[in-house]
Amino acid sequence: MHSKDQICPDDYQKTASWLQSQTHHRPKVAIICGSGLGMLADDFKCQDSFPYSDIPGFPQSTVQGHAGRLVFGELKGKTCVCMQGRFHMYEGHSLSKTTFPVRVFKLLGVETLIVTNAAGSLADSYQVGDIMIIKDHINFPGLAGLNPLNGPNDDKFGPRFPPMSGVYDRDLRKMALELCKRMGVSQFVQEGVYCMVGGPNFETVAEARLLHRLGVDAVGMSTAPEVVVASHCGLRVFGLSLITNKVVKSYDDTESVNHDAVLEVGKLRSQTLQSLVTELVHWMDINNNTA
Ligand SMILES: O=P(O)(O)O[C@H]1O[C@H](CO)[C@@H](O)[C@H]1O
Ligand SMILES: Nc1nc2[nH]cnc2c(=O)[nH]1
């Protein structure tokens, strides 16, 4: 027996086998939806969907704007799986639990992971509603020793000391920028550095200033652990942040951020985000370019 939050090496395979017994879909692309971004699965054809509570080994989503459903389906003919709701460290999950689905995806045959999130901007030139293609990340919890790869290394998934430079695939970033141009949305698309902090509180002014000085463009409370685990097991990674608020950097600023406002911005950009993800998946398919 092991505690609820401890993962045994066999647990990933048990969950993957259960899913394969429940759906005929064999996805090559996995999408993780950020806060208020669950609509990314809306365009899936021939959907099979599973509440997380029905999936053996899956944690539960507890955050508003994270439906807690795994959806399989086809996007422009390419088989995908989408997490409508992710797990965050601040919900009380261990980092291996928050990233559990990523290794399950690997065992399902997924080759590319698309991560999305809602984030606050530090970059002065960014506006609320901008879409940031993630070029790189700073994993603050990771730098402080909170890493999902802590513990015995499972060589079946990847090496003990995985490199993390170039983790956000260059070709996918380049193609996404090109697609944004073709879609006529370049005026609100950025490319920048995402920083993960632990949360759940938003930043103090001093913390915001620190992040700004460090060169962080956008900050959130997720994504980095999923990306570390995905890269460790050889998945190709692409990431998008939706800028839902400007992080308060001045003591004179009386505005403050809240989660409802974060969720509202998702609705504003839902169509563009859906189109971008769909076109990117389609591009991977026609280039037979998933891995
Ligand atoms: O990163 P996602 O899941 O998009 O959620 C972001 O939005 C929530 C705060 O509003 C935090 O969980 C933050 O990480
Ligand atoms: N840490 C953090 N996470 C966010 N998620 C959405 N907006 C924010 C923000 O301003 N700060």
Side-chain angles (χ1 to χ4, degrees), residues 30-41 52 59-69 82-93 95 97-99 101-102 113-124 126-134 137-142 146 148 190 192-212 214 216-228 230 237 239-250 253 255-270 273 277:
I31 302 165
I32 301 182
C33 298
S35 289
L37 303 177
M39 71 289 180
L40 292 173
Y52 293 163
Q60 303 309 308
S61 279
T62 65
V63 183
Q64 194 198 345
H66 292 258
R69 210 167 28 230
C82 180
M83 283 176 71
Q84 284 183 320
R86 65 150 52 85
F87 311 114
H88 306 85
M89 195 172 77
Y90 63 75
E91 293 174 81
H93 304 298
L95 281 171
K97 266 286 178 187
T98 66
T99 55
V102 176
L113 178 69
I114 299 179
V115 282
T116 67
N117 59 58
S121 67
L122 281 312
D124 296 317
Y126 287 15
Q127 303 300 326
V128 170
D130 281 359
I131 293 168
M132 185 185 86
I133 294 169
I134 305 177
H137 74 220
I138 296 174
N139 179 5
F140 258 122
L146 285 171
Q190 314 280 356
V193 174
Y194 175 85
C195 175
M196 181 204 178
V197 294
N201 61 279
F202 293 106
E203 289 63 43
T204 65
V205 170
E207 287 164 350
R209 289 179 175 188
L210 170 75
L211 295 174
H212 188 227
L214 288 177
V216 170
D217 296 304
V219 60
M221 309 170 196
S222 70
T223 302
E226 297 150 2
V227 168
V228 165
V237 176
L240 289 174
S241 292
L242 176 63
I243 303 303
T244 53
N245 57 285
K246 288 180 165 225
V247 181
V248 176
K249 296 200 293 266
S250 160
D253 195 336
E255 276 190 33
S256 66
V257 58
N258 64 73
H259 188 57
D260 288 337
V262 166
L263 297 181
E264 272 307 304
V265 182
K267 295 179 195 154
L268 179 78
R269 284 287 179 249
S270 60
L273 284 164
V277 169

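Owing to the predicted nature of the structure, the values given are computational and were not obtained by experimental measurement. Just so you know, ligand 1 is whichever comes first in the structure, and atom 1 is the first atom listed for that ligand.
The distance from ligand 1 to the heavy atoms of His66 drops below 4.0 Å at these ligand atoms: 3 (O). Atoms of ligand 1 found under 4.0 Å from any heavy atom of Ser222 (numbered from 1 in listed order, with element): 1 (O), 2 (P), 3 (O), 14 (O). The atoms of ligand 1 that sit less than 4.0 Å from any heavy atom of Val262 are 10 (O). Using a 4.0 Å cut-off to heavy atoms of His88, the atoms of ligand 1 that qualify are 2 (P), 3 (O), 5 (O), 12 (O). Every atom of ligand 1 is numbered from 1 in the order shown, and the set under 4.0 Å from a heavy atom of Phe202 is 9 (C), 10 (O). Those atoms of ligand 1 that come under 4.0 Å of a heavy atom in Tyr90, given as number and element, are 11 (C), 12 (O).
Ranked by closest heavy atom to atom 5 (O) of ligand 1, the top entry among Gly36, Ser35, Ala119, Cys33 is Ser35.
Under a 3.5 Å cut-off, the side chain of Ser35 and the backbone N or O of Ala118 do not form any donor-acceptor pair. No side-chain donor-acceptor contact under 3.5 Å links Arg69 to the backbone of Cys82. Proximity of a side-chain donor or acceptor of Asp217 to a complementary backbone N or O of Val193 within less than 3.5 Å is detected. A distance-only check finds a donor-acceptor pair linking the side chain of Asp130 to the backbone of Gln127 [under 3.5 Å].
Note: no N/O pair closer than 3.5 Å links Thr116 and ligand 1 by distance alone. Ligand 1 has no N or O atom lying under 3.5 Å from any N or O atom of Asn117, backbone or side chain. Some N or O of Met221 is nearer than 3.5 Å to an N or O of ligand 1, by distance alone. Close N/O approach between Arg86 and ligand 1 is found [any backbone or side-chain N/O within under 3.5 Å].
There is no side-chain donor-acceptor pair under 3.5 Å between Thr99 and Glu226. A side-chain N or O of Asn117 and one of Thr223 form a donor-acceptor pair less than 3.5 Å apart.
In this structure, CG on Leu40 lies 11.5 Å from CD1 on Ile32, to the nearest 0.5 angstrom. To the nearest 0.5 angstrom, Glu203 atom CD is 6.0 Å from Met221 atom CE. A distance of 5.0 Å separates CD1 of Ile114 from CD1 of Ile31, quoted to the nearest 0.5 Å. Atom CG in Leu240 sits 9.0 Å away from atom CE in Met132 (nearest 0.5 Å).
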Contact table, ligand 2 N/O with protein N/O, distance under 3.5 Å:
{"from": "ligand 2", "atom 1": "1 (N)", "to": "Glu203", "atom 2": "OE1", "distance (Å)": "3.4"}
{"from": "ligand 2", "atom 1": "1 (N)", "to": "Glu203", "atom 2": "OE2", "distance (Å)": "2.7"}
{"from": "ligand 2", "atom 1": "5 (N)", "to": "Ala118", "atom 2": "O", "distance (Å)": "3.4"}
{"from": "ligand 2", "atom 1": "7 (N)", "to": "Gly120", "atom 2": "N", "distance (Å)": "3.3"}
{"from": "ligand 2", "atom 1": "7 (N)", "to": "Asn245", "atom 2": "OD1", "distance (Å)": "2.6"}
{"from": "ligand 2", "atom 1": "10 (O)", "to": "Asn245", "atom 2": "ND2", "distance (Å)": "2.8"}
{"from": "ligand 2", "atom 1": "11 (N)", "to": "Glu203", "atom 2": "OE1", "distance (Å)": "2.7"}

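The closest approach between any non-hydrogen atom of Met196 and ligand 1 is not below 4.0 Å.
The aromatic rings of Phe87 and Tyr52 lie tilted to each other, with the angle between the two planes from 30° to 60°.
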